[in-house]
Number of protein chains: 2
Amino acid sequence: MISSVLLDTAIEHFGRHGYEGASTRAIANASRTAMSSITYHFGGKKGLYLAAADHIAAGIAERQAAVLQRVREAGAATREQAIEEVLMLLESLGRMMLAQDTEHWARFIIREQQFPTEAFHRIFSGAMQPIAETLIGLIGQIRTDLDSREVRATAALMVGQVLILRAGHAAVCRVFEVLEIDRDLADLLIRRLRANARCILSEKPE
Amino acid sequence: MISSVLLDTAIEHFGRHGYEGASTRAIANASRTAMSSITYHFGGKKGLYLAAADHIAAGIAERQAAVLQRVREAGAATREQAIEEVLMLLESLGRMMLAQDTEHWARFIIREQQFPTEAFHRIFSGAMQPIAETLIGLIGQIRTDLDSREVRATAALMVGQVLILRAGHAAVCRVFEVLEIDRDLADLLIRRLRANARCILSEKPE
DNA sequence: GTCTATACTACGATAGAC
DNA sequence: GTCTATCGTAGTATAGAC
């Protein structure tokens with residue numbers, strides 16, 4: 001399907017150059033089709049952009065479906081189990097951030113975070129919200145000493161540790177004096193991510 | 001000075017639309033001057049972009065100079081003092097991220113992190129590196145149980161908690177169901193940031 | 001459905017007046 | 001130093017052939 005090729009190419013180009021910076025000519029060219037195919041399939045540049053957002057939301061939801069399902073089914077009978085589930089969720093998010101094939105998605109989303117449009121709304125509702133609510137629910141169970149807003153803040157900051165792997169990619173590479181985050185470094189980062197999160201979650205609730 | 005107005009406007013436009021998306025016409029227009037002034041003062045679009053990066057690096061360095069100076073002078077005699085200094089540094093970074101007037105800087109940098117150019121190099125070397133090295137040095141003193149790479153990972157992840165305040169701004173707002181992060185919420189986030197960091201740093205080194 | 005051709009607008013760079 | 005005028009290029013959209 002040419003429309004699916006156009007979508008993937010569009011995500012890459014929009015992520016790399018931004019909405020204004022990306023050109024429909026270049027996207028069509030890289031997809032080996034005529035520019036007017038975009039008009040036909042998506043109605044224009046804006047339609048293509050929104051379709052790209054939906055595609056990303058579906059992709060993230062699909063990738064996180066397994067871990068979300070596991071967490072929901074398992075419940076959180078004990079405090080230790082709830083902690084383990086938070087760590088599982090964070091690791092899953094971290095692995096997604098470090099995966100090569102989600103690079104373009106991440107760039108697209110980070111751009112949208114700065115000036116959210118309808119596209120961000122779709123990605124948040126479709127993919128981020130379910131994960132966030134699950135995380136907040138678990139942390140609320142673990143840290144009974146925190147009120148609702150504090151729980152949400154803790155969740156947000158915890159996700160920040162994951163986010164820097166992508167949003168601060170260049171700085172992380174410079175700090176470790178490497179050109180790319182290889183498998184070995186990725187494992188180290190995930191281990192520290194888990195350890196840090198465990199420290200925060202284990203704080204005595206009294 | 002018209003060139004200084006051009007710089008501020010340029011940072012805003014490049015941060016908002018990206019390098020390709022920003023137009024020198026619009027930048028000149030918003031600066032109430034002719035487009036050819038950019039050629040005269042900065043040699044062209046690219047020169048303006050690099051000058052903007054230098055301007056940001058200088059701005060960050062200036063803002064963090066006080067806290068860096070304090071940390072360096074105080075030294076870190078005791079473990080508790082070193083912890084307090086890390087918290088001070090993180091709070092200072094967090095306040096900068098939450099300040100309204102650094103919004104444009106942050107956007108500019110986040111874009112550069114995705115596809116670093118010469119501009120990122122200048123910002124990293126001029127502003128981020130001194131802060132990072134100070135942070136890493138302190139964490140190394142506090143968490144003697146971690147090796148050098150683990151210390152760097154811990155530092156990076158800790159900064160991630162600060163980064164999400166800007167890079168994940170839209171998502172944070174959605175999680176708290178607000179349109180903007182007001183003073184009250186900012187204080188709450190900084191409090192949790194300090195508490196989380198303290199949990200991580202206090203982990204017994206044995 | 002996918003192509004070519006074209007209309008129209010906006011871009012960055014530069015030359016030259018003042 | 002700052003302006004206007006203009007050049008060549010590249011952008012989106014659209015009409016119409018196949």
Side-chain angles (χ1 to χ4, degrees), chain A residues 1-56 58 104 107-108 111-112 114-120 122, chain B residues 1-56 58 104 107-108 111-112 114-120 122:
Chain A
M1 288 298 272
I2 189 65
S3 64
S4 127
V5 177
L6 273 170
L7 264 185
D8 285 330
T9 314
I11 290 170
E12 186 183 335
H13 281 238
F14 284 132
R16 187 179 285 264
H17 305 288
Y19 180 75
E20 293 105 333
S23 104
T24 53
R25 264 206 233 285
I27 292 169
N29 222 21
S31 306
R32 302 181 169 283
T33 185
M35 192 185 36
S36 47
S37 297
I38 292 172
T39 315
Y40 178 77
H41 285 288
F42 304 100
K45 191 181 189 181
K46 197 166 184 175
L48 178 61
Y49 190 73
L50 288 177
D54 288 335
H55 191 70
I56 290 171
H104 307 309
R107 287 197 238 283
F108 189 103
R111 282 184 189 276
E112 271 294 321
Q114 312 301 312
F115 291 96
T117 66
E118 166 69 14
F120 179 74
R122 296 190 187 191
Chain B
M1 289 297 270
I2 189 66
S3 65
S4 127
V5 177
L6 273 171
L7 263 186
D8 285 331
T9 314
I11 290 169
E12 185 184 336
H13 281 238
F14 284 132
R16 188 179 283 264
H17 306 288
Y19 181 77
E20 293 106 331
S23 103
T24 53
R25 270 181 157 84
I27 292 169
N29 221 23
S31 305
R32 302 182 168 283
T33 185
M35 193 184 36
S36 48
S37 297
I38 292 173
T39 315
Y40 179 78
H41 285 287
F42 304 101
K45 190 182 190 180
K46 197 166 184 175
L48 178 60
Y49 190 74
L50 288 177
D54 288 335
H55 190 71
I56 290 171
H104 306 310
R107 288 197 238 283
F108 189 102
R111 282 185 189 276
E112 272 295 319
Q114 312 301 312
F115 290 95
T117 66
E118 165 69 15
F120 179 74
R122 295 191 187 190

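Naming convention: chains lettered A, B, ... in sequence-line order (proteins, then strands); numbering from 1 in each chain.
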Check your understanding: Within the structure, does a side-chain N or O atom of S36(B) lie under 4.0 Å from either OP1 or OP2 of dT4(D)?
Key -> no
Exercise for review: Examine the base of dC11(C) for any acceptor or donor lying under 3.5 Å from a partner atom in the side chain of S23(B), and report the outcome as yes or no.
Suggested key: no
Exercise for review: Quickly work out the L6(B) CG to dT2(D) P distance and round it to whole Å.
Suggested key: 9 Å
Review point. In whole angstroms, how far is the P atom of dG1(D) from the CE atom of M1(B)?
Key: 8 Å
Exercise for review: Verify the contact: side-chain N or O of T24(A) to OP1 or OP2 of dT12(D), cut-off strictly under 4.0 Å; return yes or no.
Suggested key: yes
Review point. Expressed in angstrom and rounded to an integer, what is the separation of K46(A) atom NZ from dA13(D) atom P?
Key: 11 Å
Study note, to complete from the structure: Quick note, Y40(A) side chain, CB onward, closest among dT2(C), dC3(D), dT2(D) is dT2(C)
Practice item. Can you tell me the distance, in whole Å, between the CZ atom of F42(B) and the C1' atom of dG1(D)? Key: 13 Å
Exercise for review: Can you measure from OG (S23(B)) to NE2 (H17(B)) and round to the nearest 0.5 angstrom?
Suggested key: 8.5 Å
Review point. Are I56(A) and H104(A) side-chain neighbours, meaning at least one heavy-atom pair lies under 4.5 Å?
Key: no
Exercise for review: Round to the nearest Å and state the distance from H17(A) atom NE2 to dC11(C) atom P.
Suggested key: 18 Å
Review point. Is it the case that E118(B) and Y49(B) place a side-chain donor and acceptor less than 3.5 Å from each other?
Key: no
Check your understanding: Under 4.5 Å between any side-chain heavy atoms of S3(B) and F42(B), yes or no?
Key -> yes
Practice item. Taking the side chain as every heavy atom from C-beta outward, state whether I11(B) and R107(B) have any pair of such atoms under 4.5 Å apart. Key: no
Check your understanding: For the base of dT12(D), is there a side-chain donor-acceptor partner from T39(A) under 3.5 Å away?
Key -> no
Revision key, fill the gap. Closest of dT2(D), dG12(C), dA13(D) to the M35(B) side chain is dG12(C)
Check your understanding: Which one, dT2(C), dT6(D), dT2(D), comes nearest to the side chain of R25(B)?
Key -> dT6(D)
Review point. In whole angstroms, how far is the C1' atom of dT14(D) from the CD1 atom of I38(A)?
Key: 14 Å
Review point. Can you tell me how far P of dC11(C) sits from NE2 of H13(B), to the nearest Å?
Key: 11 Å
Practice item. Tell me what A22(B) touches on the nucleic acid: a base, only sugar-phosphate, or nothing, going by heavy atoms under 4.0 Å. Key: sugar-phosphate
Review point. Where each residue is assigned the nucleotide of DNA chain C containing its nearest heavy atom, which of I2(A) and A26(B) is assigned the position nearer the 5′ end?
Key: I2(A)
**Study point:** Separation of dT4(C) P from N29(A) CG (nearest whole Å)
**Key:** 11 Å
